[in-house]
There are 2 protein chains.
Amino acid sequence: MPAAAATASGPGRRAGLDPDEVVAAALALVEAGGPEALTMRKLAAELGVGTTTIYWHVGSREELIAAVVRRRSEQQAATPIRGATPIDRIASVATHIMRGALDHPQVTTLAYQVGALSELEQPLEEALVAEIAAAGLRGRAAADALRAILLTVAGFIVVGLEDPATAKADARLFDRTIRAVIADRLPEEAS
Amino acid sequence: MPAAAATASGPGRRAGLDPDEVVAAALALVEAGGPEALTMRKLAAELGVGTTTIYWHVGSREELIAAVVRRRSEQQAATPIRGATPIDRIASVATHIMRGALDHPQVTTLAYQVGALSELEQPLEEALVAEIAAAGLRGRAAADALRAILLTVAGFIVVGLEDPATAKADARLFDRTIRAVIADRLPEEAS
DNA sequence: CAGTCTCTTGCACACTGTTCCAGATGCCCG
DNA sequence: CGGGCATCTGGAACAGTGTGCAAGAGACTG
């Protein structure tokens, strides 16, 4: 913000606002109060700015949400993949996907509501692809394995979002279930 | 509107509007235009009635939705369970649950949004419990098997709701995956 | 200095769910 | 028969929501 901008706020007065700040504030708002707390007016008030200014920077609520999801997706940085056997490593990635989603239930719910769940998990999804390939699966078999695993994980995520309390208790259940699904797709040598 | 209300359940009953009609109209509205099409004003207009009349009959939007879900749940009548082996029968019920949900994606989405998905599937869920018991599972093992199956099914449902096109193509994937999960829970003798 | 581009804003519109209050309408009881 | 009362009905209004419009102030460019 170059100018002093000491004068009272009004049309034309620079507020020194950029899209990144807007997205950051929006993310904070969502994590604090859930998807329904992300209101354009609340967000504007939080930034001490007029409502329409938000629109100038981010376009619309949907675009803002897309940006928020992308930001969160980047934060969900590369987590270490543990395990020696293919099944262990794949299960590890799957667990990371679920845990990452349930650690930030508000943003995950938001992403699901706008159909951006897959984008939220994209980095880890790529890791999953790599591990599946490393396990020896190619082509159709690899694609089917990936989708079967992702769909199974999705179930645990979605139900876990609705009831975070029992989600913890489902950890064992998840591990055993996802391993059954993975084992069903892996070649014989893995056990 | 002259009386003609022969079977009035209470005094003062004048025009022919009752909660059942409201729920039926709401259900039609949802199936036609999705959850966001279910507006109290649109519903009132559809019934040729004032907005507040709806509220008098059903209480609130949430209660109305609960009633709609219950109604749809009842429609989802008992479908025949096929298969001779326990795994076939359990997979059959699981498939029915998923198909029932995806055959009416709008209502399913609505139910999910208000957290009433489990109530929507309740009848079939009970059938699943029965089949699991028939397979020889009791207590904790039965409860875990039930939950593992339901969570897996949930994943296919939720993703299928977002993309009905590929949901059809996932039928094979679902069958194989759910069988892997079931087999992982069943005693040895089943195959 | 004038011109133009970049922001910023208040106001307004069309919606939403919901509540209040003023009425109608029909049954029961005196 | 007539009041009383419970059962319905609806118009208006309130507090929200996302979004579009046109005007304005500031900063940079010639």
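Numbers restart at 1 for each chain; the letters A, B, ... are given by sequence-line order, proteins then strands.
Protein atom CG of B:Leu64 is 12 Å distant from nucleotide atom C1' of C:dG17, rounded to whole Å. Separating the CG atom of B:Leu43 from the P atom of D:dT9 is a distance of 13 Å, rounded to the nearest angstrom. Atom P of nucleotide C:dT6 and atom CG of A:Leu17 are separated by 16 Å, given to the nearest angstrom. When the P atom of D:dT19 is taken as reference, atom CZ of A:Arg61 falls 8 Å away, rounded to whole Å. Remark: P of D:dG10 and CD1 of B:Ile54 are 9 Å apart, rounded to the nearest angstrom. Between the CG atom of B:Leu47 and the P atom of D:dG10 there is a distance of 10 Å, rounded to whole Å. Counting to the nearest Å, the C1' atom of C:dT18 and the CD atom of B:Glu62 are 13 Å from each other. Nucleotide C:dC7 holds its P atom 13 Å from the CD atom of A:Glu21, rounded to whole Å.
No donor-acceptor distance shorter than 3.5 angstrom exists from the side chain of A:His57 to the backbone of A:Thr52, with no hydrogens or angles considered. Checked by atom type and distance alone, the side chain of A:Arg72 never pairs as donor or acceptor with a backbone atom of A:Ala111 at under 3.5 Å.
When the side-chain contact (heavy atoms from CB on, under 4.5 Å) test is applied to B:Arg61, the partners found at least two apart in sequence or on another chain are B:Leu38, B:Met40, B:Ile65. Every residue two or more places apart in sequence or in another chain that forms a ring pair (Phe, Tyr, Trp, His ring centres under 6.0 Å) with B:Tyr112 is listed here: A:Tyr112. For the side-chain contact (heavy atoms from CB on, under 4.5 Å) test, residues two or more places apart in sequence or in another chain that qualify with A:Ala94 are A:Ile149, A:Val153, A:Phe174, A:Ile178. Applying the salt bridge (charged side-chain N to carboxylate O under 4.0 Å, His left out) test to B:Asp88 and every residue at least two apart in sequence or in another chain returns B:Arg179. With sequence neighbours excluded, the residues that form a salt bridge (charged side-chain N to carboxylate O under 4.0 Å, His left out) with B:Arg70 are B:Glu119.
For the contact set between residues 29-40 of chain A and DNA chain C, defined by any heavy atom under 4.0 Å, there are no members.
Taking the side chain of B:Arg41 as heavy atoms from C-beta on, and the options D:dG20, C:dA12, D:dC14, the nearest nucleotide is D:dC14. Of the candidates D:dG11, C:dT8, D:dT17, C:dT8 carries the atom nearest the A:Thr53 side chain, counting heavy atoms from C-beta on. Considering only the side chain of A:Trp56, C:dC7 comes nearest among C:dT19, C:dC7, C:dT18. Looking at the side chain of A:His57, the nearest of the listed nucleotides D:dC8, D:dA12, C:dC7 is C:dC7.
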